[in-house]
Amino acid sequence: ATQGISDILAELKKLNDRSSVLQGKLDLSLLFFGGHSTGGRTVIDLVAFETEFPIAAVFSYGASLVNSGGGYAPRGSVLPADAAAPPALLLLGGSQDGISASLSASSDATETLRRTVDEAFASGAADVDLCILRGANHMIFCDPID
């Protein structure tokens, strides 16, 4: 993810520096990232662990720091955040998220989100807000569904 973000920032810098509709309009000294599902996990990692990027804030929907057992950490474990000065995080999830529920020991879709706040960010170094959207699943949080 680090190389991909570096490449995107390099392209944005080019657009900001040369004649384009974005010339002089981008402030690349403060970045905001958002993501959903796997992209959400990526942006949570940007908050939790040291990074070279000047990130001001992050939001994530449908993701947590509870490991799925993909080989790098045991299923259900939570790696503690170690960033010294992490950016703010808005952690969003649905109360009916079947993906999150499948990672939960209790099949509770909100457990992985709560564990992320309580275990990964237990040090209190990060400003983390948790928002559970009642009735929302992994992909949809609108009513009626269109």
Visitor: So, using ring-ring contact (aromatic ring centres under 6.0 Å, His included) as the criterion, who are the partners of Tyr61 when residues are at least two apart?
Guide: His36, Phe141

Visitor: Once rounded to the nearest 0.5 Å, what's the spacing between atom CZ of Phe53 and atom CG of Leu46?
Guide: 7.0 Å

Visitor: Compare all side-chain heavy atoms of Phe33 with those of Ser60 and state whether any distance is below 4.5 angstrom.
Guide: no

Visitor: When you look at Ser6 and Glu52, which way does the side chain to side chain contact (heavy atoms under 4.5 Å, CB included) test go after all the steps?
Guide: CA-CA 9 Å; Ser6 293; Glu52 63 194 68; 3.8 Å; yes

Visitor: Test: ring pair (Phe, Tyr, Trp, His ring centres under 6.0 Å). Region: residues 93-127. Which pairs qualify, not counting sequence neighbours?
Guide: none

Visitor: Applying side-chain hydrogen bond (donor to acceptor under 3.5 Å, both in side chains), name anything that partners Asp108, two or more places apart in sequence or on another chain.
Guide: Thr110, Arg114

Visitor: What is the distance from atom CG of Asp27 to atom CG of Leu12, rounded to the nearest 0.5 Å?
Guide: 12.0 Å

Visitor: Run the salt bridge (Lys or Arg N to Asp or Glu O under 4.0 Å) test against Glu50 and tell me which residues pass, sequence neighbours left out.
Guide: none

Visitor: Compile the donor-acceptor pairs under 3.5 Å between side chains in residues 75-101 and protein atoms, sequence neighbours left out, one pair per line.
Guide:
{"residue": "Arg75", "atom": "NH1", "partner": "Ser68", "partner atom": "O", "Å": "3.2"}
{"residue": "Arg75", "atom": "NH2", "partner": "Ser102", "partner atom": "O", "Å": "2.7"}
{"residue": "Ser77", "atom": "OG", "partner": "Asn67", "partner atom": "ND2", "Å": "3.1"}
{"residue": "Ser77", "atom": "OG", "partner": "Pro74", "partner atom": "O", "Å": "2.6"}
{"residue": "Ser95", "atom": "OG", "partner": "Gly135", "partner atom": "N", "Å": "2.6"}
{"residue": "Asp97", "atom": "OD1", "partner": "Ile99", "partner atom": "N", "Å": "2.9"}
{"residue": "Asp97", "atom": "OD1", "partner": "Ser100", "partner atom": "N", "Å": "3.1"}
{"residue": "Asp97", "atom": "OD1", "partner": "His138", "partner atom": "ND1", "Å": "3.1"}
{"residue": "Asp97", "atom": "OD2", "partner": "Ser100", "partner atom": "OG", "Å": "3.3"}
{"residue": "Asp97", "atom": "OD2", "partner": "His138", "partner atom": "ND1", "Å": "2.9"}

Visitor: Among pairs that include at least one residue of residues 14-25, which meet side chain to side chain donor-acceptor pair (under 3.5 Å), considering only residues two or more places apart or in two chains?
Guide: Glu11-Lys14, Lys13-Asp17

Visitor: Could you check whether any side-chain heavy atom of Asp45 comes within less than 4.5 Å of a side-chain heavy atom of Thr51, counting everything from C-beta outward?
Guide: no

Visitor: Could you tell me which non-hydrogen atom of Gly40 sits nearest to which non-hydrogen atom of Ala63, and how far apart they are?
Guide: C-CB, 3.5 Å

Visitor: So Arg115 and Ser104, do their side chains get closer than 4.5 Å, heavy atoms only?
Guide: no

Visitor: According to a hydrophobic-cluster definition based on side-chain heavy atoms being under 4.5 Å apart (Ile, Leu, Val, Met, Phe, Trp, Tyr only), do Phe32 and Leu28 belong together?
Guide: no

Visitor: Which heavy-atom pair separates Ile55 from Val58 by the least distance, and what is that distance?
Guide: CG2-CG2, 3.7 Å

Visitor: Any non-hydrogen side-chain atom of Ile5 less than 4.5 Å from a side-chain atom of Leu9?
Guide: yes

Visitor: Give the minimum heavy-atom separation between Leu65 and Ile44, together with the two atoms involved.
Guide: CG-CG2, 3.4 Å

